[in-house]
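Here the structure comes first, spelled out in structure tokens, and everything after it is commentary.
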Amino acid sequence: MKSELEALFVQQLKENQNIIHKICRLYTTDGDSHKDLFQEITIQLWKAFPNFRGEAKFTTWAYRVGLNTAITLYRKKKRTIDTIEFDNTFHKVTQEDYNFEEEEKLKLLYSAISELNDIEKALVFLYLEDKNYTEISETLGISEVNARVKMNRVKGKLRKILNP
């Protein structure tokens with residue numbers, strides 16, 4: 001029974017690990033922090049997996065566990081002394097067909113998103129993942145109407161940040 005559960009978890013994790021990587025990208029600024037957060041989210045998913053009832057899709061459940069883990073760790077990190085981190089993710093070898101203009105736009109977007117609060121970040125992330133408002137509301141534990149209202153407010157905030 002336990003090996004079946006473990007095999008199912010590993011399969012689901014392999015198929016959906018991009019969800020975790022995207023959450024990590026949203027809440028971290030360097031490779032080491034990304035790896036640490038990925039590991040922590042994976043641990044929390046494994047701990048909670050025996051209680052996963054399948055009432056929602058695995059991805060919706062993984063978003064919820066992952067975002068809650070990231071937000072919790074992010075809040076703990078905010079209590080520590082801020083340091084300047086060297087962003088080495090942009091110094092790696094790139095492909096010939098790499099679009100630097102697109103990368104700059106993404107950097108600006110992620111910079112703007114980093115100015116949002118934790119819930120707003122999660123909301124934008126799920127929206128950018130093309131999740132409908134029903135899935136967003138289930139994942140964040142808010143009503144669908146509330147998700148729509150918050151998203152409209154966040155869009156306005158991002159416009160102001162990106163176009164001062």
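For the side-chain contact (heavy atoms from CB on, under 4.5 Å) with Lys150, the lone residue among Ile136, Leu140, Leu123 that qualifies is Leu123.
Taking a cutoff of 4.0 Å between a charged side-chain nitrogen and a carboxylate oxygen, Lys157 and Glu115 do not qualify as a salt bridge.
Taking the side chain as every heavy atom from C-beta outward, Leu158 and Lys155 never approach each other to under 4.5 Å. Within the 4.5 Å cutoff, the side chain of Lys105 has no heavy atoms near those of the Leu109 side chain.
In this structure, Thr59 OG1 and Asn18 CG are separated by 12.5 Å, a value rounded to the nearest 0.5 Å. Distance check: Arg153 CZ to Arg148 CZ gives 14.5 Å after rounding to the nearest 0.5 Å. The distance from the CG atom of Leu116 to the NZ atom of Lys121 is 7.5 Å, given to the nearest 0.5 Å. The distance from the CG atom of Leu67 to the CG atom of Leu26 is 7.5 Å, given to the nearest 0.5 Å. To the nearest 0.5 Å, the span separating CZ on Phe58 from CD1 on Ile19 amounts to 7.5 Å. To the nearest 0.5 angstrom, Ile161 atom CD1 is 11.5 Å from Leu108 atom CG.
The shortest heavy-atom contact between Asp30 and Asp32 is OD1-N, 3.1 Å. Shortest non-hydrogen contact noted between Phe38 and Ile20 is CD1-CG2, 3.2 Å. Nearest heavy atom pair, residue Ala62 against residue Leu45, reads CA-CD2, 3.8 Å. The heavy-atom pair separating Ile41 from Cys24 by the smallest distance is CD1-SG, 4.2 Å. Contact detail for Ala70 and Ile23: the closest heavy-atom pair is CB-CG2, 3.8 Å. Residues Arg64 and Thr139 approach most closely at NE-O, 3.1 Å, considering heavy atoms.
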Next on the checklist: Let's go through Glu129 and Tyr63 carefully: what are the C-alpha distance in whole Å and the side-chain angles of both, what is the deciding distance for side chain to side chain donor-acceptor pair (under 3.5 Å) to 0.1 Å, and is it a yes or a no?
Outcome noted: CA-CA 11 Å; Glu129 288 290 301; Tyr63 277 122; 3.2 Å; yes
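Here the side chain of Ser33 pairs no donor or acceptor atom with the backbone of Thr29 at under 3.5 angstrom. Side-chain atoms of Ser111 do not come within 3.5 Å of backbone N or O of Lys107 as any donor-acceptor pair.
Scored by the side-chain hydrogen bond (donor to acceptor under 3.5 Å, both in side chains) test, Arg159 finds no partners at all (sequence neighbours excluded).
Ile43 and Leu13 fall into different hydrophobic clusters, where Ile, Leu, Val, Met, Phe, Trp and Tyr side chains are chained together by heavy-atom contacts under 4.5 Å. Leu126 and Val149 sit in two unconnected hydrophobic clusters of ILVMFWY residues. Membership requires side-chain heavy atoms under 4.5 Å apart, directly or through other members.
Within a 6.0 Å radius of NZ in Lys160, no more than 12 heavy atoms belonging to other residues, nucleotides or ligands are found.
Ring pair Phe49/Trp46 is parallel by interplanar angle, where below 30° counts as parallel and above 60° as perpendicular.
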